[in-house]
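Okay, so here's the structure we're looking at.
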Amino acid sequence: MSVLVVHGSKRGGTQGLAEQIAAELHALGDDVRVEPARGVKRLEDAEAVVVAGGLYAGRWHKDARRFVRKHEQELAAVPVWLVASGPLDTSADDGALPPVEHVREAMERVHARGEVTFGGRLEPDATGFPASAMAKTKAGDWRNPERVRAWAATVHGDLAGQGAVPVR
Ligand SMILES: Cc1cc2nc3c(=O)[nH]c(=O)nc-3n(C[C@H](O)[C@H](O)[C@H](O)COP(=O)(O)O)c2cc1C
């Protein structure tokens, strides 16, 4: 399967997550392209799309939101999964977090097959306010590669028609 993974990422954490998802899909045999969401003009030959965006003040990154709006019709015609990356604690791993409103709206817009929230990352030397202030108490990496890999495997399984495996 040819899969396009796009990311809306301000500080690189969600980009890294998109690359982890892509690496797993590739390892499982998919043909994967990873792009910043705002750089994509057309979906071209993508048979499935994963849209990942960082969370800021409860909002899904604007590049992810715009990507969904801009490509709504093309996306509605292929399997789509939405990914949010944010919590700077273990909450994303402790149980499935409900999607933020933007992600819920995007789900409806393109009839997405699924959505997931993964932990985020904030580097200790983050610059700019309020990130630098937050970094004093919340810096860390909560992206959990194992869970990301397991989730990507469910996407691959679904695409390959093997049925989804629940994310732990
Ligand atoms: C100013 C600021 C606001 C944030 N707001 C949220 C939030 O509302 N919800 C959340 O889960 N994470 C929030 N985070 C954590 C980010 O989503 C996390 O750092 C994520 O990995 C950022 O993605 P990026 O590195 O791709 O930009 C916030 C981080 C910063 C710096």
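Just so we're clear, the structure is a prediction, and the values are computed from it rather than from any experiment. By convention here, the first residue in the shown sequence is residue 1.
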Q: Answer with yes or no whether the side chains of His71 and Glu74 bring together a donor and an acceptor at under 3.5 Å.
A: yes

**Q.** Gln20 and Glu24 side chains, donor-acceptor separation under 3.5 Å
**A.** no

Short side-chain to backbone donor-acceptor contact, [X] and [Y], under 3.5 Å:
| X | Y | answer |
| --- | --- | --- |
| His7 | Thr14 | no |
| Asp30 | Val32 | no |
| Arg11 | Thr127 | yes |
| Arg147 | Phe118 | no |
| Glu47 | Ser2 | yes |
| Thr90 | Asp93 | no |

**Q.** Flag if over 12 foreign heavy atoms under 6.0 Å of CD, Gln73
**A.** no

**Q.** CZ/Arg113: more than 12 non-hydrogen atoms of other groups inside 6.0 Å
**A.** yes

Q: Assess whether side chain to side chain contact (heavy atoms under 4.5 Å, CB included) is satisfied between Leu122 and Met134, documenting all intermediate values.
A: CA-CA 9 Å; Leu122 184 60; Met134 280 175 70; 3.9 Å; yes

Q | Steps toward side chain to side chain contact (heavy atoms under 4.5 Å, CB included) verdict (Trp81, Val49) | A | CA-CA 6 Å; Trp81 282 265; Val49 181; over 6 Å; no

Q.
Does this structure show an ion pair linking Asp63 with Arg38, if we count only N-O contacts that are shorter than 4.0 Å?
A. yes

Q: Run the salt-bridge test on Glu72 and Lys70 with the 4.0 Å N-O cut-off and return the result as yes or no.
A: no

**Q.** Audit row: Trp142, Arg121, side chain to side chain contact (heavy atoms under 4.5 Å, CB included) steps and yes/no
**A.** CA-CA 6 Å; Trp142 279 270; Arg121 179 197 71 175; over 6 Å; no

Q: Please step through side chain to side chain contact (heavy atoms under 4.5 Å, CB included) for the pair Leu4 and Leu43, ending with a clear verdict.
A: CA-CA 8 Å; Leu4 172 64; Leu43 302 192; 3.8 Å; yes

Q. Can you get from Leu159 to Ile21 by hopping between Ile, Leu, Val, Met, Phe, Trp and Tyr side chains that sit under 4.5 Å apart?
A.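 They do share one cluster, since a chain of ILVMFWY contacts under 4.5 Å joins Leu159 to Ile21.
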
Q) Going hydrophobic residue to hydrophobic residue with side-chain gaps under 4.5 angstrom, can you get from Val40 over to Val50? A) no

